[in-house]
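Read the structure below first, then the notes.
For the single chain, residues carry numbers from 1 onward in sequence order.
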Amino acid sequence: MGKVLIIGAGGVGRVVAFKVAQNPDVFNEITLASRTKSKCDEIAQAVGGNKIKTARVDADNVPELVELLKAEKPDLVINVALPYQDLTIMDACLECGVNYLDTANYEPLEEAKFEYKWQWAYQDKFRNAGLTAILGCGFDPGVTGVFTAYAAKHYFDEIQYLDIVDCNAGDHGKAFATNFNPEINIREVTQKGKYWENGQWVYTEPHEIHKGLHYPNIGEKESYLIYHEELESLVKNFPSLKRARFWMTFGQEYLTHLRVIQNIGMARIDPVNYNGVEIVPIQFLKAVLPNPGELGENYTGETSIGCRIRGIKDGKERTYYIYNNCSHEAAYKETGAQGVSYTTGVPAMIGAMMFLKNKWRKPGVFNVEEFNPDPFMEQLNKQGLPWHELFDVDLEL
């Protein structure tokens, strides 16, 4: 049993809070903190039973974080705040001797560029302190890395081709909304595409490469090649990969809105002067768009996320498709959050469980695929994200 401090009270933080509270045999003390304590209080009240303490903290402020960590003395911090805040939280964890887990890699505020180099640079600091840092423990990144590790362990001698496919076939009924923080979401999907092939990165224009893919229980959806952060760690940890790509579905209406937002300058991340006040257009846009944490009530349909893998086993080529489908309605009924938050929050809780059960614990900074996938995979089935396997099928890619 152990004590966790959850930092972040958005949709994902809500799911993490609900799921850790559902597992009192592992998590005997829970504190939820964010910049706005009232959000934490609302989540704690929704969970019920006085299971969760709440606190206020500015995750950009290392001294504030240190003060909270020293007061709470958690075994592990579950960071579901903004990616900009990963390094300040890691610094505070090092100062206080606390282990660390997050769901998204660091991204500098002034540049839409996410990569692991900043966090991998903490390897020696965490190892020398005898602390564990688990990076990217959501669904993608997160479960997709565990799926890949599971495939490599059980079904392949050599994984050669990996395609991660992410479909949201849900409908929230809004003209335009993002499923997680609008600022992070828009920065991510408007970047140039990038994939790994023959030992190097290949760059594409945003949404240049796309094709229809069939998703279980959903059907065909147009899928777009974009860059996603887990590719960076997976090609490092599975050097046999000849090609690794990430595909995500977007509706035409979403892409039209996105194009207009970019064309009129509302996706800009640099400050502009408005009536003598500096504002960042994308941050203003975030303030007027629907709150992703409040989309769940009327959300219908489901997500389907998985890995399509081709490689060699016993000298023969084989294919393998492993995936999870998650219902937005079921996620909302259980936690009050939509499926995209659910698929990120549940794996974060399971990663924390793996740490507290000594299944995923070693000094240093690690991506999820560097740990034993089996106990994590077992918990996915138990905690609301069951997975399915298809062998030797047409991967369409």
Any luck finding a side-chain donor-acceptor pair between [X] and [Y] under 3.5 Å?
X	Y	value
Lys39	Ser34	no
Asn105	Asp86	no
Thr31	Glu72	yes
Asn168	Thr303	no
Tyr215	Ser223	yes
Glu302	Asn325	yes

Residues, nucleotides or ligands: over 12 heavy atoms within 6.0 Å of [X] [atom1]:
X	atom1	result
Glu297	CD	no
Asn50	CG	no
Gln45	CD	no
Glu115	CD	yes
Lys174	NZ	no
Lys359	NZ	no

Do [X] and [Y] sit within salt-bridge range, that is, some charged N less than 4.0 Å from a carboxylate O?
X	Y	value
Lys236	Glu232	no
Arg14	Glu42	yes
Arg268	Asp270	yes
Glu29	Lys53	no
Lys211	Glu222	no
Glu197	Lys242	no
Lys153	Asp374	yes

State, yes or no, whether a side-chain contact exists between [X] and [Y] at a heavy-atom distance under 4.5 Å.
X	Y	answer
Leu231	Trp196	no
Tyr320	Phe147	no
Glu230	Asp140	yes
Leu380	Phe376	yes
Asp75	Val4	no
Trp387	Met377	yes
Val80	Ile7	no
Tyr122	Tyr100	no

Can you confirm if the aromatic rings of [Y] and [X] lie within a centre distance of less than 6.0 Å?
X	Y	answer
Tyr254	Phe176	yes
Phe366	Trp360	no
Tyr155	Phe391	yes

Would Gln383 and Gln22 count as a side chain to side chain donor-acceptor pair (under 3.5 Å) here? Give the steps. CA-CA 9 Å; Gln383 302 292 342; Gln22 288 175 13; over 6 Å; no

Evaluate Glu334 against Tyr342 for side chain to side chain donor-acceptor pair (under 3.5 Å), listing each step before the verdict. CA-CA 9 Å; Glu334 182 186 345; Tyr342 191 86; 2.6 Å; yes

Between [X] (side chain only) and [Y] (backbone N and O only), is there a donor and an acceptor less than 3.5 Å apart?
X	Y	result
Asn367	Glu369	no
Thr344	Val340	yes
His328	Gly339	yes
Trp247	Asp163	no
Thr256	Gln252	yes

Is there a ring-ring contact (aromatic ring centres under 6.0 Å, His included) between His154 and Tyr150? Walk through the geometry before answering. CA-CA 6 Å; His154 294 285; Tyr150 186 79; 4.5 Å; yes

Show your reasoning for whether salt bridge (Lys or Arg N to Asp or Glu O under 4.0 Å) applies to Lys382 and Glu378. CA-CA 7 Å; Lys382 293 178 178 178; Glu378 182 185 353; 3.2 Å; yes

Atom pairs and distances, donor-acceptor, side-chain atoms in residues 129-138, under 3.5 Å, two or more places apart:
residue : atom : partner : partner atom : Å
Thr132  : OG1  : Lys362  : N            : 3.1
Thr132  : OG1  : Lys362  : O            : 2.8

Check the hydrophobic clustering (I, L, V, M, F, W, Y; side-chain heavy atoms under 4.5 Å; chains of links allowed) and say if [X] and [Y] are grouped together.
X	Y	answer
Ile305	Leu295	no
Ile30	Leu76	yes
Met349	Val77	no

Does the plane of the ring in Trp120 sit parallel, tilted or perpendicular to the ring in Tyr116? Use 30° and 60° as the thresholds.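 Parallel: the ring planes of Trp120 and Tyr116 meet at under 30°.
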
Which class fits the ring pair His388 and Tyr323: parallel under 30°, tilted 30 to 60°, perpendicular over 60°?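 It falls in the tilted class, 30° to 60°.
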
Salt bridge (Lys or Arg N to Asp or Glu O under 4.0 Å), that's the test. Do Glu208 and Lys192 meet it? Break it down for me. CA-CA 9 Å; Glu208 175 188 352; Lys192 286 194 172 187; over 6 Å; no

Do Asp41 and Thr54 pass the side chain to side chain donor-acceptor pair (under 3.5 Å) test, and can you show the C-alpha distance, the side-chain angles, and the key distance before you say yes or no? CA-CA 6 Å; Asp41 295 337; Thr54 62; 2.6 Å; yes

Worked verdict on Glu396 versus His214 for side chain to side chain donor-acceptor pair (under 3.5 Å): CA-CA 8 Å; Glu396 304 181 295; His214 289 84; 2.6 Å; yes

